[in-house]
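To keep things clear, I will list the structure first and then write my remarks on it.
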Amino acid sequence: MKHAQKGVVYLWALFAVTVAGVVLAATGQVWQIKVQREKELELLFIGDQFRKAIMSYYNNPLTGVRQYPEKLEDLLEDKRGPIPIRHLRKIYIDPMTRDDEWGLVIEEPPQQQATGPQAGTQGAAGQAGLGLNTSTAASPVSLTQGIAGVYSLSMQTPRKKAQFPEHYANFSEAETYQDWRFVFKQQTGTGATGQQGQQGGSGATPPASPFGGSGGAGGARSGGGGQNIFGGQGGLGGQGGQGGGSSGQPPATGQNPFAR
């Protein structure tokens, strides 16, 4: 009986150890997944900090030129202007590799496009038509390559596959963390503002003036005076507006424009 009891106790002990091992393994796996997800959130935060710092460096108004940093250390102290600016608090450590080494996305210099007096005149005319401040728009773009973004050097497969911010929507298709690229791209092409500027600079017909003429004081030069809401045609002095009617006759002397 003693030997039989010892055998039963041994089996129960072996069963208990097996169950404990399985539970610990499952707990360890759950804990590992939780840690990885926390690292992913940290990587998203750090990567976005790098992207915003590069954007701030590129758009620094004190430098007079838009360019990407040549190295990450330039984000810590930007000495291009009269006042040093700190765009990034520190060079963060990659939470996936536990190292401060990052993969760099290098932006090539932009291609030279339409230049010369004609292009400059059209751009200035478009902005003048809208009354825009041309100091920022006229900032030249540097022709040297620089760092446009960073990414982790980890080859691990991400667990997060959805619910990314809009500008990181392509992260859902990433196979490794190296595909999570935090890049600042300067917008190119003509947007709504550019189109409005071109229309403003092309001499579009302004709205009709209530005092006569289709363009204010010089309305007669663009096709004759408009209908005066106070009676009669033309500007304040009869037909043709202040700039003179198309018939070339001066306004009647002493005529009251408000008289019926």
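Since we're looking at a predicted model, the values are computed, not measured. Residue indices begin at 1 and follow the sequence shown.
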If you measure from OG on Ser154 to OH on Tyr177, what distance do you get to the nearest 0.5 Å? 6.5 Å
Looking at Phe50, Phe171, Tyr92, Tyr151, which one forms a ring pair (Phe, Tyr, Trp, His ring centres under 6.0 Å) with Phe182? Phe171
Verify the cluster assignment for Val30 and Val23: are they in a single hydrophobic cluster under the rule of side-chain heavy atoms below 4.5 Å apart? no
Determine whether Ile93 and Leu43 fall in the same hydrophobic cluster, where Ile, Leu, Val, Met, Phe, Trp and Tyr are linked whenever their side-chain heavy atoms lie under 4.5 Å apart. no
Backbone of Glu70 reached by a side-chain donor or acceptor of Asp74 within 3.5 Å: yes
Sub-6.0 Å ring centroid separation between Tyr68 and Tyr58: yes
Residues Ile54 and Ile147: closest non-hydrogen pair is CG2-O, 3.6 Å
Give a yes or no on whether a salt bridge exists between Lys185 and Glu107, defined as a side-chain N under 4.0 angstrom from a carboxylate O. yes
Please check if any side-chain donor atom of Asp94 sits under 3.5 Å from a side-chain acceptor atom of Thr97, or the reverse. yes
Spatial distance of atom CG (Asp179) from atom OG1 (Thr157) [nearest 0.5 Å]: 9.5 Å
If Ile, Leu, Val, Met, Phe, Trp and Tyr residues are connected whenever their side-chain heavy atoms lie under 4.5 Å apart, and connections chain through other members, are Val35 and Met155 in the same group? no
Does the side chain to side chain contact (heavy atoms under 4.5 Å, CB included) test come out yes or no for Trp180 and Ser152, once each step is laid out? CA-CA 7 Å; Trp180 285 18; Ser152 173; over 6 Å; no
Could you go through His87 and Met55, starting from their C-alpha distance and side-chain angles, then the distance that decides it, and tell me whether this counts as side chain to side chain contact (heavy atoms under 4.5 Å, CB included)? CA-CA 9 Å; His87 303 282; Met55 177 175 61; over 6 Å; no
Within this structure, what is the NZ-CE distance for the pair Lys39 and Met96, rounded to the nearest 0.5 Å? 7.0 Å
Report the C-alpha distance between Arg159 and Ile33 in whole Å, list the side-chain angles of each, state the deciding distance to 0.1 Å, and finish with yes or no for side chain to side chain contact (heavy atoms under 4.5 Å, CB included). CA-CA 8 Å; Arg159 290 189 174 274; Ile33 294 175; 3.7 Å; yes
Euclidean distance, Asp78 CG relative to Leu88 CG, rounded to 0.5 Å: 12.0 Å
Co-membership, hydrophobic cluster, residues Phe45 and Tyr168, 4.5 Å side-chain: yes
Does one hydrophobic cluster hold both Val65 and Leu62, with members joined at side-chain heavy-atom distances below 4.5 Å? no
Are Arg80 and Tyr57 in a cation-pi setup, meaning NZ or CZ lies under 6.0 angstrom from the ring centre and within 45 degrees of the ring axis? yes
Can you check whether Leu44 reaches Gln49 side chain to side chain, under 4.5 Å on heavy atoms? no
Taking the side chain from Ser56 and the backbone from Lys52, do they hold a donor-acceptor pair closer than 3.5 Å? no
Hey, could you give me the NZ/CG distance between Lys160 and Leu41, rounded to the nearest 0.5 Å? 6.5 Å
Measure the NZ-CD distance between Lys161 and Gln163 for me, rounded to the nearest 0.5 Å. 14.5 Å
